[in-house]
Amino acid sequence: MRDKFQIAALLREIGRLLTVKGDNPFKAQAYERGARALENLDGDLDALVKASRLTEIAGIGTALASIIEEIYRTGECWMLQQLRDELPPGAVELSEVSGLSLKKIIALHDALGIESIQDLKTACQKGLVENVKGFGQKSEAKLLKDIEKLEAHEERILLHRAMEEAERILQHLRAAPKLLKADIAGSLRRRKETVRTIRIVAASEAPKALLDQFLRLPALVHTSELGESCCVANLASGLGVQLNVVSPADYISALHALTGSSKHIIKLKELGRAKNMVFGDSLHGWRSTPRIKSEADIYQRLGLQYIAPEMREDQGEIEAAAAGMLPNPIMLEDIRGMTHCHTIYSDGQNNIEEMALAAEEMGMKYITITDHSQSAYYARGVGIDRLRAQWDEIARVQERVKIRLLRGTESDILEDGLLDYPDHILERLDIIIASIHARHKMGSDQMTERLQRALKLPFFKVWGHPLGRLLQSRPPFDCRMEEVLDAVAVSKAAIEVNGDPHRLDLEPRWIRAARARGVRFIISTDAHSIRGLANLHYGVSMARRGWLTQNEVLNALDPEDFMKAVHP
Ligand SMILES: [Zn+2]
Ligand SMILES: [Zn+2]
């Protein structure tokens with residue numbers, strides 16, 4: 001193995017495993033230091049190894065030099081092998097839980113096959129840990145508490161807030177004269193619902209100047225790590241920020257390495273081995289020649305279809321891309337109609353004309369006016385008389401605007417699974433969105449029945465914000481989702497992907513489960529104001545994470561076809 005970055009990665013792994021093993025901490029640090037020295041090496045590694053002159057590198061002593069030579073010549077290292085054999089998988093991660101000694105980690109692995117903090121949490125919740133030798137009821141309860149503490153420590157914030165922070169940071173960095181390029185990577189680029197750390201990759205020949213500029217960021221309150229090309233810090237909001245500066249030549253590769261989930265990247269590394277693609281370390285990524293030109297280039301060389309950032313989670317996308325079966329996800333530009341919009345008729349802030357004009361300005365061909373139905377008293381739900389008045393106003397506004405106005409409702413799904421307005425009203429609407437707004441906490445059986453009944457009603461409806469979750473405040477409904485999706489598949493119904501950043505409902509795994517059943521979707525904003533319309537891209541991101549294509553999304557259709565498709 002002649003690549004210094006690959007060798008450094010192995011040295012680092014040794015250091016981490018030694019720490020878990022409880023070895024002398026100075027020894028573990030020596031491996032970390034050696035790894036960094038190798039990465040920063042300017043000279044010719046081949047020449048140094050051949051002349052046995054590795055110890056001339058600052059930070060590399062005789063013991064480390066012989067291990068580097070071993071890896072260089074054989075691609076392997078007996079010490080690492082031994083450590084890997086000695087320690088159960090996941091030991092590094094589990095060692096983060098306070099009070100978990102290596103002995104205990106091994107006992108948990110042998111008894112219950114525990115390989116991650118998540119495994120351990122589930123086992124504690126099921127009461128399995130108390131029966132493992134060396135543990136009891138008390139220590140199980142303590143472990144669970146410690147895990148929760150560990151999780152609570154992670155300040156996660158909602159996607160749209162993280163996005164705003166990230167944009168501000170990018171803007172601040174762009175004021176640095178030496179910056180060539182900078183982009184968001186990590187879970188934010190994958191558009192996860194909540195974000196713990198904003199990762200930014202920047203290209204510059206002068207990393208120091210860029211890091212100095214970064215440190216002048218007003219929102220920065222605490223710097224936990226500062227190296228020659230990397231800084232880890234916290235914003236006042238508690239959100240973490242990591243900035244990595246790489247050379248322009250490494251930029252694409254680093255951006256790619258720091259975007260995909262770790263599982264996604266690990267799988268690609270494995271594939272890369274067979275294709276002569278060299279992956280250095282997680283900060284710089286691929287080190288193949290000829291130079292990588294684009295992220296698409298990386299996937300092409302790996303023999304895969306291109307995988308969009310939102311899909312890089314190791315949830316089957318690599319296998320699908322290898323088989324040429326990965327769908328081409330929908331794009332923001334594909335959306336032609338703004339669906340699920342509220343006005344001052346219920347709890348919105350703008351009138352029909354203002355909403356229509358704003359949607360028109362965004363390039364939309366149609367907008368559906370869907371205010372709350374009469375039962376939603378808390379949201380000033382629209383009674384039948386006012387609904388008729390709204391239809392008149394829609395007709396008047398239609399004469400003044402180009403965008404097509406559709407009359408609809410967001411009807412409550414009542415406790416018994418029926419909708420709010422009588423049939424003679426429902427049949428005069430262009431679109432019905434059916435949502436649950438009350439009685440969220442039904443038992444699973446009852447909720448499953450309620451939803452199935454509503455979705456099987458004999459006219460077309462869109463299931464609005466399906467599982468009713470509010471991020472960080474209300475969990476999804478308890479229901480047997482697979483059965484409900486089966487009901488959608490045989491009913492006159494489509495599912496909404498709700499782009500309100502507090503909802504982002506449905507979750508990607510359920511979107512995929514629904515599309516596997518041939519279900520159709522709409523992507524909406526659930527806008528309660530003009531400003532809310534701008535959330536459309538969050539809905540599209542959720543849809544992309546769920547692998548939806550343009551053909552599966554009804555509001556990617558032209559007005560005529562959309563109206564036919566959703567007509568009740
Ligand atoms: Zn609603
Ligand atoms: Zn709504």
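A quick note: this is a predicted structure, and the numbers were derived from the prediction, not measured. Atoms within a ligand are numbered from 1 in the order they appear, just like the ligands themselves.
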Worksheet item: Do any pairs count as a ring-ring contact (aromatic ring centres under 6.0 Å, His included) and have a residue in residues 485-526, sequence neighbours left out, and if so which ones?
Response: His160-His502

Worksheet item: Under 3.5 Å, is there a donor-acceptor pair between the side chain of Gln305 and the main chain of Leu326?
Response: yes

Discussion item. So that I can tick it off, tell me whether Glu148 and Lys145 are bridged by a salt bridge, with the cut-off set at under 4.0 angstrom between side-chain N and carboxylate O.
Written reply: no

Item to complete: Provide the atom name of the closest N, O or S atom of His342 relative to the Zn ion (ligand 2).
Response: NE2

Discussion item. How wide is the angle at the Zn ion (ligand 2) spanned by Glu410 OE1 and Asp526 OD1, rounded to 10 degrees?
Written reply: 170°

Discussion item. Distance check below 2.8 Å: does His340 bring an N, O or S atom to the Zn ion (ligand 2)?
Written reply: yes

Discussion item. For Asn328, I'd like to know if atom CG has over 12 heavy atoms of other residues, nucleotides or ligands within 6.0 Å.
Written reply: no

Item to complete: Give me the ring orientation class for His372 and His437: parallel if the planes are under 30° apart, tilted from 30 to 60°, perpendicular past 60°.
Response: perpendicular

Discussion item. Strictly under 2.8 Å, is the Zn ion (ligand 2) approached by any N, O or S atom of His372?
Written reply: no

Practice prompt. Would you give the angle at the Zn ion (ligand 1) between His437 atom NE2 and His465 atom NE2, to the nearest 10°?
Written response: 100°

